[in-house]
Amino acid sequence: MTLIQLQSSILKHNKHLQFPSFSSIPHQRSTILRISAVSPNAQQLIQSGKVRPVLPKEAGIAMEGEGYILLDIRPEWEREKACVSGSLHVPLFLKDMDNSPITLLKKWVHFGYIGLWTGQNFTMINDEFVKQVEQKIPDKDNAKVLVACGEGLRSLMAISKLHEGEYKNLAWLAGGFNRASDSDFPAVEGTEKLQYATIGGVSYYFLQLLILLQAVGKES
């Protein structure tokens with residue numbers, strides 16, 4: 001499947017989803033900028049067939065029928081809201097605990113521009129990411145690993161790192177958990193729907209209002 005065909009498939013799949021889009025929020029733009037340096041490499045891996053793209057609606061079959069291990073690389077605060085039962089967790093980004101004056105200033109800017117709206121913490125790359133994955137999935141030659149995040153963007157960075165770490169059978173959850181429907185995975189744990197777990201802060205309350213308005217509209 002080419003990238004153009006994949007993008008077309010994702011768009012067709014998205015038309016059937018019954019939840020509002022938040023693709024224009026600052027967090028999404030920040031994430032795109034953050035992985036821009038590695039996404040071309042990840043796209044090349046997908047285009048060449050070295051990494052398999054898997055749509056959310058195909059993920060359950062890939063896991064149960066083909067033996068793929070679902071690797072959730074979201075930060076802890078997203079996973080706590082909702083996660084796929086039985087998935088492994090190794091965060092690609094960690095909350096930045098540095099409280100030096102420069103970092104505190106960056107955190108305030110982040111909060112004003114992104115954090116207040118999305119509820120996302122100021123993060124830093126997990127330098128031990130590949131090593132931690134190796135501890136949980138040591139068989140690099142045979143293990144089939146389906147890498148997933150909220151939007152499908154951070155997982156591209158993770159795929160690049162894991163490919164460099166010599167993992168041979170990688171797959172990418174195209175569109176991320178945000179594009180999943182309730183029936184895509186066998187079982188989900190947490191207090192939120194899997195497709196809403198990335199949404200926090202003020203945007204979360206807008207989401208709840210939209211869901212309420214949709215429910216009222218169906219009843220009327």
Side-chain angles (χ1 to χ4, degrees), residues 1-17 23 28-29 31-74 78-79 83-84 86-93 125-181 183-186 194-195 198:
M1 179 181 289
T2 67
L3 283 178
I4 294 175
Q5 291 173 326
L6 173 63
Q7 290 167 354
S8 176
S9 181
I10 292 174
L11 289 173
K12 289 178 182 178
H13 178 54
N14 289 348
K15 291 179 180 179
H16 302 288
L17 298 179
S23 60
Q28 299 279 15
R29 294 197 299 270
T31 304
I32 293 171
L33 290 173
R34 201 162 40 181
I35 69 160
S36 61
V38 298
S39 59
N41 180 47
Q43 290 175 3
Q44 289 171 7
L45 293 174
I46 294 168
Q47 185 72 58
S48 67
K50 293 180 180 179
V51 172
R52 172 185 171 185
V54 176
L55 292 170
K57 64 181 180 181
E58 303 167 344
I61 297 174
M63 293 166 61
E64 294 187 335
E66 302 179 49
Y68 272 90
I69 301 168
L70 183 62
L71 177 63
D72 186 343
I73 60 94
R74 296 174 300 163
E78 288 184 31
R79 184 175 169 84
C83 67
V84 176
S87 60
L88 299 182
H89 180 231
V90 178
L92 180 62
F93 290 97
I125 192 75
N126 179 8
D127 292 330
E128 300 295 312
F129 173 72
V130 175
K131 184 180 295 185
Q132 291 172 3
V133 173
E134 290 172 345
Q135 293 172 352
K136 294 189 175 184
I137 311 175
D139 188 354
K140 296 183 178 183
D141 292 326
N142 300 305
K144 298 179 179 179
V145 185
L146 174 57
V147 186
C149 67
E151 310 90 344
L153 299 174
R154 292 168 291 185
S155 51
L156 287 175
M157 177 183 285
I159 281 172
S160 293
K161 289 183 174 294
L162 292 174
H163 183 263
E164 291 173 1
E166 299 184 349
Y167 277 88
K168 301 296 192 299
N169 297 290
L170 294 170
W172 168 59
L173 187 67
F177 292 128
N178 288 9
R179 301 308 182 193
S181 63
S183 60
D184 286 342
F185 295 94
L194 186 61
Q195 57 265 45
T198 303

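Side-chain atoms are counted along with the backbone in the values below, which use heavy atoms only and exclude waters and symmetry mates.
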Can you tell me how far apart CZ (Phe93) and CE (Met157) are? Round to the nearest 0.5 Å. 4.5 Å
Flag the pair Leu162 / Leu71 as yes when at least one side-chain heavy-atom distance between them is below 4.5 Å, and no otherwise. yes
Atom pair CD1/CD1 of Ile159 and Ile46 - distance to nearest 0.5 Å: 5.5 Å
Output for pair (Trp172 CH2, Leu153 CG), nearest 0.5 Å, gives 7.5 Å
For Glu128, all residues meeting salt bridge (Lys or Arg N to Asp or Glu O under 4.0 Å), sequence neighbours excluded: Lys131
Sequence neighbours excluded, which residues qualify as side-chain contact (heavy atoms from CB on, under 4.5 Å) partners of Ile137? Ile69, Leu88, Val133, Ala143, Val145, Tyr167
Minimum-distance pair of heavy atoms, taken over all atoms of Pro91 and Asn126: O-ND2, 2.8 Å
Just grab all the salt bridge (charged side-chain N to carboxylate O under 4.0 Å, His left out) pairs involving residues 61-72, residues at least two apart or on different chains. Arg52-Glu66, Asp72-Arg74, Asp72-Arg79
Tightest non-hydrogen contact, residues Leu70 and Ala148, listed as CD1-CB, 3.8 Å
Correct closest heavy-atom pair for Lys57 and Asp184 would be CA-OD1, 3.3 Å
Report the distance from atom CD of Gln132 to atom CG of Asp127, rounding to the nearest 0.5 Å. 10.0 Å
Nearest-0.5 Å distance, CD of residue Glu78 to CD1 of residue Ile73: 8.5 Å
Does any non-hydrogen side-chain atom of Lys50 lie less than 4.5 Å from one of Gln44? no
Looking at side-chain heavy atoms only, is the closest gap between Asn41 and His163 below 4.5 Å? no
I need the full list of salt bridge (charged side-chain N to carboxylate O under 4.0 Å, His left out) pairs touching residues 161-175, with sequence neighbours left out, sorted by first then second residue. Asp141-Lys168
Where do Ala171 and Val54 come nearest, in terms of heavy atoms and distance? CB-CG2, 4.0 Å
Locate the shortest heavy-atom distance separating Ala174 from Pro56; write the atom from each residue and the value. O-CD, 3.2 Å
With sequence neighbours left out, the residues meeting side-chain hydrogen bond (donor to acceptor under 3.5 Å, both in side chains) with Lys136 are none
Any chance you could measure Leu146, atom CG, to Ser87, atom OG, to the nearest 0.5 Å? 10.0 Å
Applying ring pair (Phe, Tyr, Trp, His ring centres under 6.0 Å), can you list everything that pairs with Phe185, at least two apart in sequence or on another chain? Phe177
